[in-house]
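Quick notes on the structure that follows.
None of the values given here were measured: they were computed from a predicted structure.
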Amino acid sequence: LMLSMERLEELCEKPPQRIALSATQRPLDEIARFLGGSTVEVDGTLTPRPVTVVDAGARKELDIEVVVPIDDMGDLGQMIEPSLSDPATATPMRRSIWPSIHPRLLELVETHRSTLVFANARRLSERLATRLNELAAEAAAAPGDGPIPGPPTVVGAGDEQFGRGAPVGDELVKAHHGSLSRERRLQIEDELKRGDLKGLVATSSLELGIDMGAVDLVVQVSSPGSVASGMQRIGRAGHQVGEPSRGKIFPKHRADLLESAVVVERMHEGLIEETHYPRNPLDVLAQQIVAMCAMDDWPVEELTAVVRRSATFAELSDEVLGNVLDLLSGTYPSEEFSGLRPRIVWDRVGGVLRGRAGAQRLAVTNAGTIPDRGLFGVFLPDGTRVGELDEEMVYESRVGETFLLGASTWRIEDITFERVIVTPAPGQPGKMPFWHGDGPGRPLELGRAIGAFIREIREEKDPLPRLRERHGLDELAAANLIAYLEAQFEVAGAVPDDRHIVVERFRDEIGDWRVCILTPFGAQVHAPWGMALQARLGEQWGADVELMWSDDGI
């Protein structure tokens with residue numbers, strides 16, 4: 001972004017004014033350096049551009065509650081004994097928290113004007129939207145309520161192409177996520193603004209806002225994963241001057257409850273995770289150099305000055321820049337790189353860089369650093385884009401099948417090598433879609449805060465008042481959190497915190513040993529640590545080591 005800004009500034013008669021707005025960035029001096037960049041003096045020294053930091057100074061009032069709808073979260077996952085008298089439990093099942101969460105969510109949606117429900121995965125948002133609509137339909141059709149008058153049919157602009165025209169109120173909520181097309185997302189947002197929908201079940205697709213002040217409640221299912229995400233999401237409610245942002249967080253399990261408690265306290269204190277811009281991302285540099293040289297011939301000194309004006313490349317050394325130019329011009333350090341085609345010509349005598357044939361097309365068709373995720377586009381027969389599906393789901397699907405996308409049902413008419421052609425199938429049951437993708441993992445800063453919180457709670461004689469007042473936990477949530485920490489101490493004699501790493505071993509179902517390394521520091525620490533362990537133990541034992549990591553350990 002900022003190197004593109006420097007290229008734009010090179011084209012302008014006078015430098016454009018740069019304005020950055022955000023409620024969730026810290027520290028502001030780091031962001032100011034990133035925004036402003038530098039000017040290059042005649043002698044090559046860099047002088048940071050002056051940036052004025054305007055801090056509004058007003059902290060948004062937050063009204064957040066962490067809600068646990070069951071008495072003992074420790075029972076989750078336990079097998080329920082089959083009952084011959086109750087058909088619903090005639091087959092063996094595991095105890096789940098969802099039957100307790102769904103009715104509470106429905107009650108909250110129906111008792112508020114407009115509700116946003118945030119989930120951390122696209123599949124979960126589809127499942128929640130579908131289940132809430134099913135529960136609402138069951139409640140509406142319950143005997144003894146009398147006849148339900150048919151609501152009027154309203155067709156909005158562009159609704160026909162998506163097969164709407166269904167009665168308003170037919171769906172209580174809809175799913176909203178990044179695998180829906182932009183047009184479809186905007187249409188669903190308009191339905192919420194018009195009052196046709198009571199709520200949306202969204203992922204981070206709505207984290208950066210929806211242009212309406214009527215959202216009076218945000219529900220977060222499971223911990224938001226970071227303080228910044230929590231602020232962005234719950235900040236969607238009460239988006240008016242003087243109005244508090246009201247939110248409720250429903251943890252899915254006890255570790256989730258622990259993280260939620262710490263996130264809520266840090267949200268009240270404004271302790272958003274620090275942002276650090278990347279230094280010298282050479283993949284981006286190579287891409288930008290090819291794009292620059294595709295349009296114009298660049299003297300090396302001028303190109304170097306433009307690149308270093310960006311804060312991201314202010315520390316770029318001559319040696320590293322030379323290595324990048326060698327790579328792009330075809331001077332490779334070994335034969336292993338001989339399959340790469342040179343993209344620019346480096347005239348070392350004249351000190352000029354020029355693009356090779358095809359460089360412009362290459363730069364345009366390969367913009368950005370987001371990898372291809374193997375997703376199939378979903379289109380109507382007229383070419384209107386509906387969204388996208390994971391390639392593995394498409395592989396398992398057949399023509400004629402129906403599936404859910406955006407909590408609406410679609411029938412597959414054709415599957416080509418890169419897209420799925422569908423038609424609307426309103427009212428038909430459809431299979432739930434799925435997408436593969438890893439989340440970013442718990443930030444280390446939040447992990448350290450969780451560790452400190454665990455240590456402090458363990459040291460307090462009566463932590464209940466603190467959990468209720470500072471962390472927003474309801475009575476059941478506070479009792480479950482204390483029981484969780486006590487259970488861990490009873491089993492291992494120690495609880496992982498910011499000063500203690502706990503190593504446990506146990507035998508699994510078939511009698512093999514398993515070892516757990518427990519810390520609160522998050523997957524961003526555990527993933528590289530786990531990979532190093534896997535390699536070292538594999539070398540030492542000469543065997544493949546089975547290993548997995550999460551936010552809570554390895």
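Using a cutoff of 4.0 Å between basic side-chain nitrogens and carboxylate oxygens, Arg266 and Glu445 are scored as salt-bridged. Under 4.0 Å is where a charged nitrogen must lie from a carboxylate oxygen, and between Arg33 and Glu30 at least one such pair does. We find that Arg514 and Glu546 are joined by a salt bridge, their nearest charged nitrogen and carboxylate oxygen being less than 4.0 Å apart.
Using modelled atom types, one finds no donor on one side chain facing an acceptor on the other under 3.5 Å when comparing Gln524 with Arg442. Looking only at atom types and distance, the side chain of Asp256 has no donor-acceptor partner in the side chain of His253 under 3.5 Å away. Checking Glu273 against Gln25 by side-chain atom types alone, no donor-acceptor pair falls below 3.5 Å. No hydrogens or angles considered: nothing links the side chains of Ser205 and His177 as a donor-acceptor pair under 3.5 Å. Using a 3.5 Å distance cut-off with no hydrogens or angles, the side chains of Gln288 and Ser4 do pair a donor with an acceptor. There is a side-chain donor-acceptor pair under 3.5 Å between His526 and Thr519. Residues His268 and Arg470 bring no donor and acceptor atom of their side chains to less than 3.5 Å of each other. Under 3.5 Å, the side chains of Arg122 and Ser179 contain a donor-acceptor pair of N or O atoms.
Of the candidates Leu285, Leu282, Asn280, Leu282 is the only one forming a side-chain contact (heavy atoms from CB on, under 4.5 Å) with Val320.
Distance alone, capped at 3.5 Å, places no donor-acceptor pair between the Arg308 side chain and the Phe313 backbone. Checked by atom type and distance alone, the side chain of Asn120 pairs as donor or acceptor with a backbone atom of Ser223 at under 3.5 Å. Of the possible donor and acceptor atoms, none in the side chain of His176 sits under 3.5 Å from a partner among the backbone N and O of Ala202. Although no hydrogens or angles enter the test, the distance criterion places no donor-acceptor pair under 3.5 Å between the side chain of Glu61 and the main chain of Ser245. Looking at Arg309, its side chain does come within 3.5 Å of a backbone N or O of Glu6 through a donor-acceptor pair. For the pair Asn480 (side chain) and Asp71 (backbone), a donor-acceptor distance under 3.5 Å is present. Checking side-chain atoms of Arg246 against main-chain N and O of Leu217 turns up no donor-acceptor pair under 3.5 Å.
At least one side-chain heavy atom of Glu189 sits under 4.5 Å from a side-chain heavy atom of Leu206. Using a 4.5 Å heavy-atom threshold, the side chains of Ile454 and Pro496 count as separate. Under the 4.5 Å side-chain criterion, counting only non-hydrogen atoms from C-beta, Asp512 is not in contact with Arg507. Proximity of Leu257 to Met73: side-chain heavy atoms (C-beta onward) are separated by under 4.5 Å at one or more points. Residues Leu321 and Val307 fail the side-chain proximity criterion, which asks for heavy atoms closer than 4.5 Å. A 4.5 Å side-chain heavy-atom check between Leu116 and Arg233 finds every atom pair outside the cut-off. Taking the side chain as every heavy atom from C-beta outward, Asn133 and Val173 approach each other to under 4.5 Å. Side chains of Thr275 and Phe34 form no contact here, defined as non-hydrogen atoms less than 4.5 Å apart.
Among all heavy-atom pairs drawn from Met5 and Pro16, the shortest one is CE-CG, 4.3 Å. The two atoms that bring Asp216 and Ala237 nearest to each other are C-CB, 4.2 Å, heavy atoms only. Val495 and Gln488 get closest at one heavy-atom pair: CG2-CG, 3.9 Å. Smallest separation of non-hydrogen atoms from Arg184 and Lys174: NH2-NZ, 4.1 Å. Among all heavy-atom pairs drawn from Val227 and Ile272, the shortest one is CG1-CA, 4.1 Å. The heavy-atom pair separating Ser125 from Ala119 by the smallest distance is N-CB, 4.1 Å.
Atom NE2 in His500 sits 11.0 Å away from atom CZ in Arg458 (nearest 0.5 Å). If you take CD1 on Ile554 and CD on Gln534, they are separated by 10.5 Å, rounding to the nearest 0.5 Å. If you take CG on Leu467 and CD on Glu475, they are separated by 12.0 Å, rounding to the nearest 0.5 Å. To the nearest 0.5 Å, atom OG1 of residue Thr203 and atom CG of residue Leu180 are 8.5 Å apart. Here the straight-line distance linking atom OH of Tyr277 with atom CD1 of Ile31 works out to 9.0 Å at 0.5 Å rounding. The structure places OG1 of Thr312 at 8.0 Å from CZ of Arg279, a figure rounded to the nearest 0.5 Å.
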Could you please spell out the steps behind the salt bridge (charged side-chain N to carboxylate O under 4.0 Å, His left out) verdict for Glu126 and Arg123? CA-CA 5 Å; Glu126 292 279 358; Arg123 179 179 173 86; over 6 Å; no

Any chance you could lay out the side chain to side chain contact (heavy atoms under 4.5 Å, CB included) test for Leu197 and Leu172, step after step, and finish with the verdict? CA-CA 6 Å; Leu197 292 172; Leu172 184 76; over 6 Å; no

Test log, rule side chain to side chain contact (heavy atoms under 4.5 Å, CB included), inputs Leu46 and Thr39: CA-CA 6 Å; Leu46 298 175; Thr39 56; over 6 Å; no

Check against salt bridge (charged side-chain N to carboxylate O under 4.0 Å, His left out), Glu456 and Arg466: CA-CA 11 Å; Glu456 292 165 9; Arg466 169 180 172 171; 3.1 Å; yes

Working note: Leu446 + Val263, criterion side chain to side chain contact (heavy atoms under 4.5 Å, CB included); need CA distance, chi angles, decisive distance, verdict. CA-CA 8 Å; Leu446 177 58; Val263 166; 3.9 Å; yes

Worked check of salt bridge (charged side-chain N to carboxylate O under 4.0 Å, His left out) between Arg448 and Asp498: CA-CA 6 Å; Arg448 287 181 172 139; Asp498 58 336; over 6 Å; no

Side chain to side chain contact (heavy atoms under 4.5 Å, CB included) between Ile517 and Ile501, intermediate numbers included: CA-CA 7 Å; Ile517 303 170; Ile501 293 172; 3.8 Å; yes

Would Arg468 and Glu65 count as a salt bridge (charged side-chain N to carboxylate O under 4.0 Å, His left out) here? Give the steps. CA-CA 9 Å; Arg468 297 296 305 278; Glu65 184 180 24; 5.9 Å; no

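Counting only residues at least two apart or on different chains, no salt bridge (charged side-chain N to carboxylate O under 4.0 Å, His left out) pair has a member in residues 516-544.
Judged by a 6.0 Å distance limit and a 45° cone about the ring axis, Arg455 is not positioned over the six-membered ring of Phe453.
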Identify all side-chain donor-acceptor contacts of residues 100-112 below 3.5 Å with residues at least two apart in sequence or on another chain.
{"unit_1": "His102", "atom_1": "ND1", "unit_2": "Trp98", "atom_2": "O", "d": "3.3"}
{"unit_1": "Thr111", "atom_1": "OG1", "unit_2": "Glu107", "atom_2": "O", "d": "2.7"}
{"unit_1": "Thr111", "atom_1": "OG1", "unit_2": "Leu108", "atom_2": "O", "d": "3.3"}
{"unit_1": "His112", "atom_1": "ND1", "unit_2": "Leu108", "atom_2": "O", "d": "2.8"}

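When the ring pair (Phe, Tyr, Trp, His ring centres under 6.0 Å) test is applied to Phe434, the partners found at least two apart in sequence or on another chain are His436.
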